[in-house]
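Read through the structure below, which is laid out as structure tokens, and then see the notes.
Treat the numbers as computed from the prediction; the structure is a model and nothing was measured.
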Amino acid sequence: MKAKLFTAQPLWSNGFDIIRILTGIMMAKFGMEIFNEITMDNYAGLLENLGFPVPVFMIYLAKIIELVGGLFLMLGLFTRFVTPPLVIVMGVLIWIMADKNFFNGGIFSLFIMLFSLYFIMGAGTWSLDYIIFDKPRNKKQE
């Protein structure tokens, strides 16, 4: 155990997958706000006050991206396609809430870093991406 603590090797190779699943659950939870009319009206009002064009459409689009992106991330499905829109949504939130300062963006900045990591590294072995796209290719090579 001691030898593993002082290496760059992972302690558990599927830990990355657990973090991806939990991140997807959190994002889907934020996306579920689409079903709360009062919350959506408040968000649309905020965007309208900030001068966003078509604020109602924009907030619904953002919440759909959060919900669908979170579900797909949870499943590890089309990971490299859902992470860029999620990064954009989080970037807009940083622009609005943290006065365009990435380092003051809190959870939004953390989400951008996680989504970027999933885009670069892929979904991992506990994912539908692996089952659908990688596993058949690996069988052909054997």
Under a 3.5 Å distance rule, please check whether Asn14 uses its side chain to pair with a backbone N or O of Asp17 as donor and acceptor. no
Show me the side-chain donor-acceptor pairs of residues 115-124 shorter than 3.5 Å, one per line, residues at least two apart or across chains.
unit_1: Ser116; atom_1: OG; unit_2: Ile112; atom_2: O; d: 2.8
unit_1: Tyr118; atom_1: OH; unit_2: Ile19; atom_2: O; d: 3.4
unit_1: Tyr118; atom_1: OH; unit_2: Thr23; atom_2: OG1; d: 3.0

Calculate, to the nearest 0.5 Å, the distance between atoms CG and OG belonging to Leu93 and Ser109 respectively. 10.5 Å
Ignoring hydrogens, what is the shortest heavy-atom contact between Ile107 and Met26? Give both atom names and the distance. CD1-CE, 3.9 Å
Determine the sole option in Thr83, Ile25, Leu22, Ile21 for which the side chain to side chain contact (heavy atoms under 4.5 Å, CB included) test with Leu73 is passed. Thr83
Does Trp126 have more than 12 heavy atoms from other residues, nucleotides or ligands lying within 6.0 Å of its CH2? yes
If you define the side chain from C-beta out and look only at heavy atoms, does anything of Leu75 sit under 4.5 Å from Ser127? no
Between Ile132 and Leu77, does a side chain to side chain contact (heavy atoms under 4.5 Å, CB included) hold up when you go through it step by step? CA-CA 9 Å; Ile132 295 169; Leu77 182 61; 3.9 Å; yes
Roughly how far, to the nearest 0.5 Å, is the CG atom of Leu86 from the OG1 atom of Thr79? 10.5 Å
Measure the CZ-CD1 distance between Phe103 and Ile94 for me, rounded to the nearest 0.5 Å. 10.0 Å
Determine whether more than 12 heavy atoms belonging to other residues, nucleotides or ligands lie under 6.0 Å from atom CE of Met97. no
Phe108 versus Trp95: any side-chain heavy-atom pair under 4.5 Å? no
Which distance, rounded to the nearest 0.5 Å, do you find between the CE of Met27 and the CG of Leu67? 11.0 Å
Student check: side-chain heavy atoms of Asn104 and Asp99 closer than 4.5 Å: no
Could you pull out every donor-acceptor pair under 3.5 Å between side chains of residues 42-63 and any protein atom, sequence neighbours left out?
unit_1: Asn42; atom_1: ND2; unit_2: Ile38; atom_2: O; d: 3.4
unit_1: Tyr43; atom_1: OH; unit_2: Glu33; atom_2: OE1; d: 3.0
unit_1: Tyr43; atom_1: OH; unit_2: Glu33; atom_2: OE2; d: 3.3
unit_1: Asn49; atom_1: ND2; unit_2: Gly45; atom_2: O; d: 3.4
unit_1: Lys63; atom_1: NZ; unit_2: Phe30; atom_2: O; d: 3.2
unit_1: Lys63; atom_1: NZ; unit_2: Glu33; atom_2: OE1; d: 2.5
unit_1: Lys63; atom_1: NZ; unit_2: Glu66; atom_2: OE1; d: 3.0

Kindly compute the distance separating CZ (Arg20) from CG (Asp129), expressed to the nearest 0.5 Å. 8.0 Å
Should we say atom CZ of Phe102 is surrounded by more than 12 heavy atoms from elsewhere, each under 6.0 Å from it? yes
Between Val68 and Val82, is there a side-chain heavy-atom distance shorter than 4.5 Å? no
